[in-house]
Amino acid sequence: MCGLFGVVAYRNKNTDLISKMVMSLGKESEVRGTDAGGLSFVVKGSGLTSVRNAGAISKSGVFKFLNENKVVMGHTRMTTQGTASHAYNNHPFPSKVGGYTMAHNGVIYNDKTLAKTHNLPDTKVETDSYIVVRMIDHLYGGVINFDTLRAVAEQL
């Protein structure tokens with residue numbers, strides 16, 4: 001399965017230390033998968049950004065995008081569905097309507113059934129985990145709160 005990691009460092013002003021921590025966590029997470037890797041973080045003036053590449057995260061170059069980020073979420077992937085060479089299949093998945101990204105570790109077995117049940121628009125993403133973003137975006141307008149998370153989680 002995949003590896004998840006992240007850093008929240010609101011009070012720490014040492015951006016070099018934060019970058020080293022994220023790189024170290026990413027490298028250590030590779031024991032959980034080296035098929036692909038990605039990061040989500042906030043870029044001043046641009047908002048939430050996701051960078052996803054095929055291959056081991058430590059060799060992908062995604063860390064060059066870190067700059068002065070204080071909140072970073074990362075994912076290393078062992079492919080179970082969807083070709084890792086297509087970046088759109090890799091985590092973290094950005095929302096198209098909400099200001100969030102999502103990464104998941106595990107397999108969702110009823111993703112196709114849920115897409116059909118809720119009449120969700122077609123997508124080229126082949127990864128089962130993407131159903132979470134699709135449901136939150138299309139059924140709940142991209143709103144993340146306890147109720148929407150519970151409603152989606154209960155159906156997975």
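The chain is numbered in sequence order, starting from 1.
- One hydrophobic cluster, built from ILVMFWY side chains closer than 4.5 Å, cannot hold both Tyr130 and Met78; they sit in different ones.
- Summarising the geometry of Pro121 relative to Arg134, their closest heavy-atom pair is O-NH2, 2.5 Å, with the distance given to 0.1 Å.
- In this structure a side-chain-to-backbone donor-acceptor pair under 3.5 Å is missing from Asp128 to Tyr109.
- Considering CZ of Arg150 and CG of Asp147, their distance stands at 5.0 Å, rounded to 0.5 Å.
- Proximity of a side-chain donor or acceptor of Asp137 to a complementary backbone N or O of Lys96 within less than 3.5 Å is detected.
- Residues Ser24 and Lys20 form no side-chain contact, since every pair of their non-hydrogen atoms from C-beta on lies 4.5 Å or further apart.
- Residues Leu149 and Phe146 fail the side-chain proximity criterion, which asks for heavy atoms closer than 4.5 Å.
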Please walk me through it: do Asn90 and Thr127 pass side-chain contact (heavy atoms from CB on, under 4.5 Å)?
CA-CA 8 Å; Asn90 301 327; Thr127 310; 5.9 Å; no

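- Ile108 contributes atom CD1, which lies 4.5 Å from atom OG of Ser129 (distance to the nearest 0.5 angstrom).
- For the atom pair NE2 of His138 and CD1 of Ile131, the computed distance is 9.0 Å after rounding to the nearest 0.5 Å.
- Asp122 meets the salt bridge (charged side-chain N to carboxylate O under 4.0 Å, His left out) test with no other residue; sequence neighbours excluded.
- Taking each heavy atom of Thr83 and Asn89 in turn, the nearest pair found is O-ND2, 3.0 Å.
- In this structure, Gly98 and Ser95 approach most closely via the heavy-atom pair N-OG, 2.6 Å.
- His118 and Gln155 share a donor-acceptor pair across their side chains, judged by distance under 3.5 Å alone.
- Put simply, the side chain of Val51 reaches to within 4.5 Å of the side chain of Phe41, judged on heavy atoms.
- If you chain together hydrophobic residues whose side chains sit under 4.5 Å apart, Leu17 and Val7 fall into the same group.
- Separation of atoms NZ (Lys112) and CG (Leu120) is listed at 13.0 Å; rounding is to 0.5 Å.
- A donor-acceptor contact shorter than 3.5 Å is absent between the side chain of Arg52 and the backbone of Phe93.
- Scanning all heavy atoms of the two residues, the minimum distance from Leu39 to Val72 falls at CD2-CG1, 4.0 Å.
- Thr76 contributes no side-chain N or O that, together with a main-chain N or O of Arg32, makes up a donor-acceptor pair within less than 3.5 Å.
- A single hydrophobic cluster is not seen to contain both Ile144 and Leu4; linkage of ILVMFWY side chains at heavy-atom distances under 4.5 Å, directly or through other members, places them apart.
- For Ala84 against Ala36, the heavy-atom pair with the smallest separation is CB-CB, 4.0 Å.
- Annotation: side chain of Val22 is in contact with side chain of Phe5 (closest heavy-atom distance under 4.5 Å).
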After noting the C-alpha distance and the side-chain angles of Met73 and Thr101, does the key distance pass the side-chain contact (heavy atoms from CB on, under 4.5 Å) rule?
CA-CA 9 Å; Met73 175 177 65; Thr101 60; 2.9 Å; yes

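- A donor-acceptor distance shorter than 3.5 angstrom exists from the side chain of Thr117 to the backbone of Thr113, with no hydrogens or angles considered.
- Residues Gly82 and Arg77 approach most closely at O-NH2, 3.2 Å, considering heavy atoms.
- Remark: side-chain polar atoms of Asn105 are paired, donor with acceptor, to backbone N or O of Cys2 under 3.5 angstrom.
- Note on ring orientation: taking the six-membered ring where Trp is involved, the planes of His75 and His91 are parallel (angle under 30°, cut-offs 30° and 60°).
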Taking it one step at a time, do Leu114 and Leu156 satisfy side-chain contact (heavy atoms from CB on, under 4.5 Å)?
CA-CA 8 Å; Leu114 288 169; Leu156 300 176; 3.8 Å; yes

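- The closest donor-acceptor contact from the side chain of Glu30 to the backbone of Ser58 lies under 3.5 Å.
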